[in-house]
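What follows is a single structure, written as structure tokens, with notes after it.
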Amino acid sequence: MEGDTPGDGEPRPRGADVRRRTRALAVLVAVGLVAPLAACGPGDDGTPELTWYINPDNGGQADIAASCTEAADGAYRIQTELLPRDAASQREQLARRLAAKDSSIDIMSLDPVFIAEFAEADFLAPVPDDVADATTQDVVQGAIDASTWKDELVAIPFWANTQLLWYRKSVAEAAGLDMTQPVTWDQIMQAAQDQDKLLAVQGAKAESLTVWINALVEGAGGHILENPEAPADEVELGLDTDAGKAAATIIGEIGTSGVGGPGLPSEDEPASLTKFQGDRGSFMVNWPFVWSSTQGAVDAGSLDQSLLDDIGWALYPQTTEGEDARPPYGGISLGIGAFGKHTDLAYEAAQCIVSPENQAEYFVTNGNPAASTQAYEDPDVQEAFPMYDVIRDSLDQAAPRPQTPFYNEVSTGLQQTWYPPADVDPDTTPQQSTDFITAVLRGERLL
């Protein structure tokens, strides 16, 4: 996937207020062990150097850095530093350095779930109004929402991601489903069961489970957190509600009915794809990598062309019939380090990085969908991803995961209480989950 100042602003928190400090930034305890790194100064020719901390990809961000360096015509030079592969390690590395006021961090590729945490800790330089206006024009709503904290844009949308409903045309046709119209989870579960097929979802005890829960709750008109900006001991969860129970009903039924298959409790995104590509494949929720991965397997001769021809795509299933689905949102936004010596140049560079042209190229070469709607008009994008319009529309409907400085506690708490899928019960799981996460946020229980 797809990574402090007290929230109430009181200068000297005491007693219960101390607990309001972000536990998600417990890593700051290590600040005393972390020395600030020297800021990158000008190069040998006097050109200011900006360091962009990037998440691993297929080289696309490094290519963009080189392109924007050339376009800057001597105004600045961008060098890239590679972050660890997993988002949690990316977060830890950046948080430790920023807690030490590391001035070498100019630009960061940030996982959306950590944006609120970094913003609350004052780790991100304020986005100038003109930059905010320029970088949110013709941008999908999901990317704007994910880059916003307390009604302010705090990061720059770069690339976005969302899950689609992938289906085998033969199975949908046999079930009599019109896939040009919205379909519900109940419909695809029934279609798979009637034909002795398997429904591919991510039931592993991992971030992918949080992604699934959030999309189901949001699709039923609810939210996992009712007041995400609240301090830890005042956070209210929206799980023990009609929306939470609707989500639990779907997960529990897939887990107990067998339609999810015996491997459901360990199934992640690649495992879902393998199941979907098999003889019993029917429907699957998954990210756009599905298309390029399947194409590559067909080109390599490990899968038949007939499989690729049988694959269709549509918007994410509705949790509640007649209510718009709220598909998962992922991707990367650019954060500008609060302690860098060239924040003005960093924002100038960020605007170059996220230009529609660069986003389109990155989409085609690295498979990461664009946040810019203009990028979807690029003929190369449309050729490489024939479902480009569904991806774009899905991103406009997409719901980010809970935006809170306490995201780690919330996500881990969900994974512990909504797992395995066969044990999820709408009558008990939402309340048990609420009690557990609330106790963790209040410091009464440990994860």
Ignoring hydrogens and geometry beyond distance, is a side-chain donor-acceptor pair present between Thr51 and Gln79 at under 3.5 Å? yes
Nearest heavy-atom neighbours spanning Val285 and Pro317: CG1-CD, 3.8 Å
Decide whether Ser104 and Asp102 meet the rule of one side-chain donor and one side-chain acceptor closer than 3.5 Å. yes
For Ser208 and Glu269, does a side-chain donor sit closer than 3.5 Å to a side-chain acceptor? no
For Pro48 and Ala75 the tightest heavy-atom approach is CD-O, 3.5 Å
Quick check against the 3.5 Å criterion: does Glu267 have a side-chain atom that pairs as donor or acceptor with the backbone of Ala204? no
Exercise: do Thr294 and Gln277 side chains pair donor with acceptor under 3.5 Å: yes
Do the charged groups of Lys169 and Asp310 touch, with an N to O distance under 4.0 Å? no
Distance-only, no hydrogens or angles: does the Ser293 side chain make a donor-acceptor pair with backbone N or O of Val290 under 3.5 Å? no
Determine yes or no for a side-chain-to-main-chain donor-acceptor pair under 3.5 angstrom, with Arg401 supplying the side chain and Tyr329 the backbone. yes
Test side-chain hydrogen bond (donor to acceptor under 3.5 Å, both in side chains) applied to Glu120 and Trp149, step by step: CA-CA 8 Å; Glu120 189 69 8; Trp149 175 242; 2.9 Å; yes
Tell me, do Ile188 and Ser282 make a side-chain contact under 4.5 Å, heavy atoms counted? no
Residue pair Ser433 / Trp418, side-chain donor-acceptor N/O under 3.5 Å: yes
Looking just at side-chain N and O atoms, do Ser109 and Gln61 make a donor-acceptor pair shorter than 3.5 Å? yes
For the backbone of Glu236 and the side chain of Asn227, can you confirm whether one donor and one acceptor N or O come within less than 3.5 Å of each other? yes
Just by distance, with hydrogens left out, do Gln318 and Trp185 show a side-chain donor and acceptor under 3.5 Å apart? no
Do Tyr316 and Arg326 pair up side chain to side chain, a donor and an acceptor below 3.5 Å, judged on atom types alone? no
Under 3.5 Å, is there a donor-acceptor pair linking the side chains of Ser355 and Asn358? yes
Pair Gln141, Asp145: side-chain N/O donor-acceptor within cut-off below 3.5 Å: yes
Within the distance-only criterion (no hydrogens, no angle test), does the side chain of Gln90 pair as donor or acceptor with the backbone N or O of Leu94 below 3.5 angstrom? no
Could you walk me through whether Ser411 and Glu207 pass the side-chain hydrogen bond (donor to acceptor under 3.5 Å, both in side chains) test, one step at a time? CA-CA 7 Å; Ser411 180; Glu207 181 64 19; 2.8 Å; yes
Exactly one of Trp291, Tyr167, Phe385 should register a ring pair (Phe, Tyr, Trp, His ring centres under 6.0 Å) with Trp313. Which one does? Trp291
Looking just at side-chain N and O atoms, do Ser272 and Gln202 make a donor-acceptor pair shorter than 3.5 Å? yes
Basic-acidic side-chain contact under 4.0 Å: Glu377, Arg392: yes
Nearest 0.5 Å, what's the CG-CG distance between Leu98 and Asp122? 11.5 Å
Verify, without hydrogens or angle tests, whether Thr136 (side chain) and Ala132 (backbone) share a donor-acceptor contact under 3.5 angstrom. yes
Once you round to the nearest 0.5 Å, how far does CG of Asp396 lie from CG of Asp324? 11.5 Å
Is there a side-chain hydrogen bond (donor to acceptor under 3.5 Å, both in side chains) between Gln397 and Asp393 once you walk through the steps? CA-CA 7 Å; Gln397 288 185 207; Asp393 293 346; over 6 Å; no
I'd like to know if the side chain of Thr148 and the backbone of Asp151 have a donor-acceptor N/O pair within less than 3.5 Å. no
Taking all non-hydrogen atoms of both residues, which atom of Leu124 and which atom of Met108 are closest, and how far apart? CD2-CE, 3.6 Å
Closest approach of Asp380 to Asp378 (non-hydrogen atoms, all atoms of both residues): N-OD1, 2.7 Å
Return the minimal non-hydrogen interatomic distance between Gly337 and Thr343, and the atom names on each side. O-CG2, 3.6 Å
Looking at Glu229 and Lys150, is there a salt bridge between them, counting it only when a charged N and a carboxylate O are closer than 4.0 Å? no
Can you confirm whether the side chains of Asp86 and Ser89 place a donor and an acceptor under 3.5 Å from each other? yes
Do Asp57 and Tyr362 meet the criterion of a side-chain donor-acceptor pair at a distance under 3.5 Å? yes
Which is it for Asp178 and Thr180 under the side-chain hydrogen bond (donor to acceptor under 3.5 Å, both in side chains) test, yes or no, and what are the steps along the way? CA-CA 5 Å; Asp178 179 1; Thr180 66; 2.6 Å; yes
Search all heavy atoms of Pro128 against all heavy atoms of Pro126 and return the closest pair with its distance. CD-O, 3.3 Å
